[in-house]
Protein chains: 2
Amino acid sequence: MTNRSNITKQKLLDAATDIIMSQGVHQLTLDEVAKTAGVSKGGLLYHYASKEALMTAIVERLQQEQNELYASLQQEGHGPVEAFVRLFDETNLHPERAAIHIDVEKMIAFLTLFAVDQEYADRWKQDLDTFFAQFQKTADPVETMIIRYALEGMMMSEHFGVGVPPAELKQAIIARLIERAHAIDSQS
Amino acid sequence: MTNRSNITKQKLLDAATDIIMSQGVHQLTLDEVAKTAGVSKGGLLYHYASKEALMTAIVERLQQEQNELYASLQQEGHGPVEAFVRLFDETNLHPERAAIHIDVEKMIAFLTLFAVDQEYADRWKQDLDTFFAQFQKTADPVETMIIRYALEGMMMSEHFGVGVPPAELKQAIIARLIERAHAIDSQS
DNA sequence: TCAAACAAACCGTCTGGTCGGTACAGAAAG
DNA sequence: CTTTCTGTACCGACCAGACGGTTTGTTTGA
């Protein structure tokens with residue numbers, strides 16, 4: 001894999017994510033991706049042999065970025081639950097702080113992708129299932145799951161722009177979630 | 001609107017929701033809806049002049065059912081926050097108890113619809129924004145929003161079937177959410 | 001008998017994917 | 001040093017199928 005090829009591939013993935021977040025998944029056409037990336041459709045299909053391959057690549061990149069960020073948060077000394085809260089915090093509220101940059105929109109792109117086709121969802125299910133399994137073995141599984149659910153719900157809310165609270169309230173919510181996550185991690 | 005017409009329309013909406021939940025929104029084609037409903041495409045288009053009209057009807061039916069259920073829960077004496085929790089509880093865990101029947105799948109159909117196109121989302125935004133505005137004026141807005149987010153996140157989790165906890169844990173989560181919602185309503 | 005309630009063939013567009021070709025950077029050959 | 005060859009990266013016209021919507025025809029019930 002040459003350097004040049006990699007750059008183009010990244011451009012294509014960037015273009016695809018841009019389209020998904022700005023226009024939705026149903027507007028994600030090969031022509032549009034190629035045009036946005038400044039490449040011909042032939043060029044696009046050279047790198048990603050099918051639309052599915054392209055979407056898979058999007059999911060995989062997001063997955064990798066997310067995992068790396070989570071790992072780095074744990075290396076900073078945070079427990080698994082608190083690191084999970086901070087993962088959302090970083091990607092939703094302070095994207096500039098994160099070494100690996102995942103902004104809300106990219107998360108959203110992933111989520112929408114996830115929503116549209118079960119097939120892409122399956123790629124995540126196994127990973128996430130094992131991941132959340134540990135959440136059910138903390139000192140307070142009920143509270144842990146509530147925290148988890150709250151974060152996912154908050155993400156959805158931000159995505160759809162529905163019932164989004166003022167910034168201070170949002171900060172306060174995150175703060176309280178971190179506080180509780182920290183308490184749970186301490187007990188575990 | 002004759003009786004016969006109404007039955008067919010309901011059949012069509014049922015078929016459409018079935019398809020969305022079993023195969024995803026991208027498989028929601030007019031041909032497929034017609035076929036599933038046991039009606040020709042012409043018949044379908046007779047009742048819903050366009051695909052958008054059909055989807056709008058799906059959203060509106062769900063919206064209406066949800067509003068009615070929420071209102072009935074409040075009439076049972078529950079405060080706004082607790083009623084909100086119980087709304088999700090009814091539709092997610094005890095669908096058989098509800099007078100107005102909304103099962104998980106229909107909720108899911110709505111959500112998926114919501115996820116795919118901003119246009120359908122806009123139909124809800126205003127309503128939901130004013131609705132959630134009252135949640136920011138309870139005795140504990142932070143906790144109230146956490147409860148709300150948790151319910152939405154839980155719904156998503158159920159939808160995608162990712163990281164779904166065992167039934168007892170799910171029950172415990174709902175129980176604790178109801179408990180806290182009740183406390184907030186009492187203080188407000 | 002008349003309108004509502006369908007049926008079904010048909011059309012135009014959109015879109016994923018194919019295919020033949022081009023540009024070009026190096027390696028091999030002479 | 002020049003020519004030939006080869007593989008990578010990319011282009012863009014084209015095709016086939018899917019899908020939303022139209023049109024025209026048929027049934028059915030009051």
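Every heavy atom of this structure was used, including side-chain atoms; hydrogens, water molecules and symmetry mates were not. Given the structure is predicted, the values throughout are model-derived calculations rather than measurements. Each chain gets a letter, A, B and so on, in the order the sequences are listed, and its residues count up from 1.
A side-chain donor-acceptor contact under 3.5 Å links Arg148(A) to the backbone of Gly163(B). The backbone N or O of Met154(A) sits nowhere less than 3.5 Å from a side-chain atom of Lys170(A) that would complete a donor-acceptor pair.
Distance from the side chain of Ser40(B) is smallest to dA7(C) among dT18(C), dC10(D), dA7(C). With dA7(C), dC11(D), dG17(C) as the choices, the nucleotide that has an atom nearest any side-chain atom of Val39(A) turns out to be dC11(D). The side chain of Lys51(A) approaches dG17(C) more closely than any other nucleotide in the set dA7(C), dG17(C), dC19(D).
DNA chain C is contacted by both Gln27(A) and Gly42(A); Gln27(A) maps to the nucleotide lying nearer its 5′ end (nearest heavy atom per residue). Along DNA chain C, the nucleotide nearest Gly38(B) and the nucleotide nearest Asp31(A) are compared for position; the residue whose nucleotide lies closer to the 5' end is Gly38(B).
Under 4.0 angstrom from either OP1 or OP2 of dG12(D) there lies no side-chain N or O belonging to Lys41(A). For dA9(D), the OP1/OP2 oxygens have a side-chain nitrogen or oxygen of Tyr46(A) closer than 4.0 Å. Side-chain nitrogen and oxygen atoms of His47(B) include at least one within less than 4.0 Å of the OP1 or OP2 phosphate oxygen of dC6(C). Here Thr8(A) reaches the OP1 or OP2 of dC10(D): one of its side-chain N or O atoms lies under 4.0 Å away.
Note: Thr36(A) OG1 to Asp18(A) CG = 7.5 Å, rounded to the nearest 0.5 Å.
In this entry the distance linking CG of Leu28(A) with C1' of dC14(C) reads 15 Å, nearest Å. Put simply, NZ on Lys9(A) is 13 Å from P on dT8(D), counting in whole angstrom units. Here the P atom of nucleotide dA5(C) and the CG atom of Leu44(B) are 14 Å apart, to the nearest Å. Regarding Met55(B), its CE atom lies at a distance of 13 Å from the C1' atom of dG20(D), rounded to whole Å. Atom CD in Glu32(A) sits about 9 Å away from atom P in dT15(C), given to the nearest Å. The interatomic distance linking Leu30(A) (CG) with dT18(C) (P) rounds to 11 Å, in whole Å. When the P atom of dA9(D) is taken as reference, atom CG of Leu45(A) falls 15 Å away, rounded to whole Å. Put simply, CG on Leu12(A) is 14 Å from C1' on dC11(D), counting in whole angstrom units.
We find that Lys9(B) and Glu60(B) are not joined by a salt bridge, their nearest charged nitrogen and carboxylate oxygen being 4.0 Å or further apart. Salt bridge absent: Glu90(B) and Arg86(B) never bring a charged side-chain N and a carboxylate O closer than 4.0 Å.
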